[in-house]
Amino acid sequence: GFDANGNLLCAGTEKIVFITNDAWLGYLVGGIAGANTKCQMAADAASLSGTYKAWISTTTADDPESTFTHSLTGYQLPSGALVASSWDNLTSLDLLTVIQETESGGAVSGSDYAWTNTSRDGTVIIVGNDSETCTNFTSTGSQAIVGHSGLATSQWSYIGWGACMTESLHLYCFEQ
């Protein structure tokens, strides 16, 4: 890609994004910290270098907008396919490629859904009370917002609801 002045950026500087191969109920053991650990463990197991965080939010305003490093050079799948050319494009435009590739480069299996509780712009979605977020992903409360990995529209991050106690869903993981 190019920077704002039209200068060519170094190839391969994009941050990696993937959907986890594994899936979990809405109780993510430690909420966001537990989700981040799951992302880091998946990345480490696939020999992906760097620090990884989950695209997930709680009602305490711990959301990707405020906690993620905002990449100026974009996001790509482990295989190299470009997902978005920058943080601004990731959070405001349709994705260039859907996030259906796992940490090891394979296709996601099982459910196409991921726990997010996050709108496309990276901010938490506040709806009612904490029981609507699997109690900030620390229990098998009622439900939480999910995204659909097969879609490039804003619905990749927010399409509807998942049942915390009965649905095992994936996580989107972003290199920082």
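Just so you know, these numbers come straight off a predicted model, no measurement behind them.
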Check whether any side-chain heavy atom of [X] sits under 4.5 Å from a side-chain heavy atom of [Y], and report yes or no.
X	Y	answer
Thr97	Leu77	yes
Glu175	Thr51	no
Ile32	Phe137	no
Ile159	Leu151	yes
Leu72	Ser86	no

Any donor and acceptor pair, going by atom type alone, linking the side chain of [X] with main-chain N or O of [Y] inside 3.5 Å?
X	Y	answer
Asn36	Lys53	no
Thr118	Val124	no
Asn136	Thr138	no
Ser157	Ser154	no
Lys15	Gln176	yes
Thr20	Asp22	yes

Straight-line distance of [X] [atom1] to [Y] [atom2], nearest 0.5 Å:
X	Y	atom1	atom2	value
Ile19	Cys173	CD1	SG	8.5 Å
Asp63	Ile125	CG	CD1	10.5 Å
Met165	Gln143	CE	CD	11.5 Å
Asp62	Ser57	CG	OG	8.5 Å
His170	Thr116	NE2	OG1	13.5 Å

Next item on the list: Determine, step by step, whether Cys134 and Trp115 satisfy the side-chain contact (heavy atoms from CB on, under 4.5 Å) criterion, reporting the C-alpha distance in whole Å, the side-chain angles of both residues, the deciding distance to 0.1 Å, and the verdict.
Entry: CA-CA 10 Å; Cys134 303; Trp115 297 113; 4.1 Å; yes

Note to self: Go through it in stages, so that I can follow the logic: the residues are Val83 and Leu96, the test is side-chain contact (heavy atoms from CB on, under 4.5 Å), and I'd like the CA-CA distance, side-chain angles, deciding distance and then a yes or no.
What the structure shows: CA-CA 5 Å; Val83 172; Leu96 301 173; 6.0 Å; no

With distance as the sole criterion, is a donor-acceptor pair present between the side chains of [X] and [Y] under 3.5 Å?
X	Y	result
Thr123	Asp121	yes
Gln100	Asp112	yes
Glu65	Thr91	no

Margin query: Testing Leu171, Leu169, Val29 one by one against Trp24 for a side chain to side chain contact (heavy atoms under 4.5 Å, CB included), which residue passes?
Written below: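 Result for side chain to side chain contact (heavy atoms under 4.5 Å, CB included) with Trp24: Leu171.
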
Checklist line | Asp94 and Arg120 ion-paired at < 4.0 Å | finding: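 Looking at Arg120 together with Asp94, the answer is yes, because their closest N to O distance falls below 4.0 Å.
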
Next item on the list: Specify the closest pair of heavy atoms between Gly162 and Val146, including all atoms of both residues, with the distance to one decimal.
Entry: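 Between these two residues, the closest heavy atoms are N-CG1, 3.6 Å.
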
Check: Can you name the nearest heavy-atom pair linking Cys164 to Ala144, along with the distance?
Finding: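 That closest heavy-atom pairing would be SG-N, 4.0 Å.
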
Is [X] linked to [Y] within one hydrophobic cluster, defined over Ile, Leu, Val, Met, Phe, Trp and Tyr using a side-chain heavy-atom separation of less than 4.5 Å?
X	Y	answer
Val108	Val17	yes
Ile145	Ile56	no
Tyr172	Tyr158	no
Leu90	Phe18	no

Notebook entry, point to check: Does the pair Leu25 and Glu167 meet the rule for a side-chain contact (heavy atoms from CB on, under 4.5 Å), with working shown?
Noted result: CA-CA 6 Å; Leu25 296 175; Glu167 292 187 68; 5.6 Å; no

Next item on the list: Show your reasoning for whether side chain to side chain donor-acceptor pair (under 3.5 Å) applies to Gln40 and Asp44.
Entry: CA-CA 6 Å; Gln40 191 64 55; Asp44 291 349; 2.9 Å; yes

Next item on the list: Evaluate the criterion side-chain contact (heavy atoms from CB on, under 4.5 Å) for residue pair Ile99 and Tyr75; output intermediate values, then yes/no.
Entry: CA-CA 10 Å; Ile99 307 171; Tyr75 299 90; over 6 Å; no

Next item on the list: Verify ring pair (Phe, Tyr, Trp, His ring centres under 6.0 Å) between Tyr52 and Phe174, making sure each step is shown before the conclusion.
Entry: CA-CA 5 Å; Tyr52 287 79; Phe174 284 74; 9.2 Å; no

Note to self: Using side chain to side chain donor-acceptor pair (under 3.5 Å), reason through Trp156 and Ser149 one step at a time and then give a plain yes or no.
What the structure shows: CA-CA 5 Å; Trp156 76 267; Ser149 64; over 6 Å; no

Checklist line | CA sep, side-chain torsions, deciding dist, call: Glu101, Ser79, side chain to side chain donor-acceptor pair (under 3.5 Å) | finding: CA-CA 8 Å; Glu101 191 175 302; Ser79 64; 2.8 Å; yes

Notebook entry, point to check: Can you check side chain to side chain donor-acceptor pair (under 3.5 Å) on Asp88 and Ser92, steps first, answer last?
Noted result: CA-CA 6 Å; Asp88 288 346; Ser92 63; over 6 Å; no

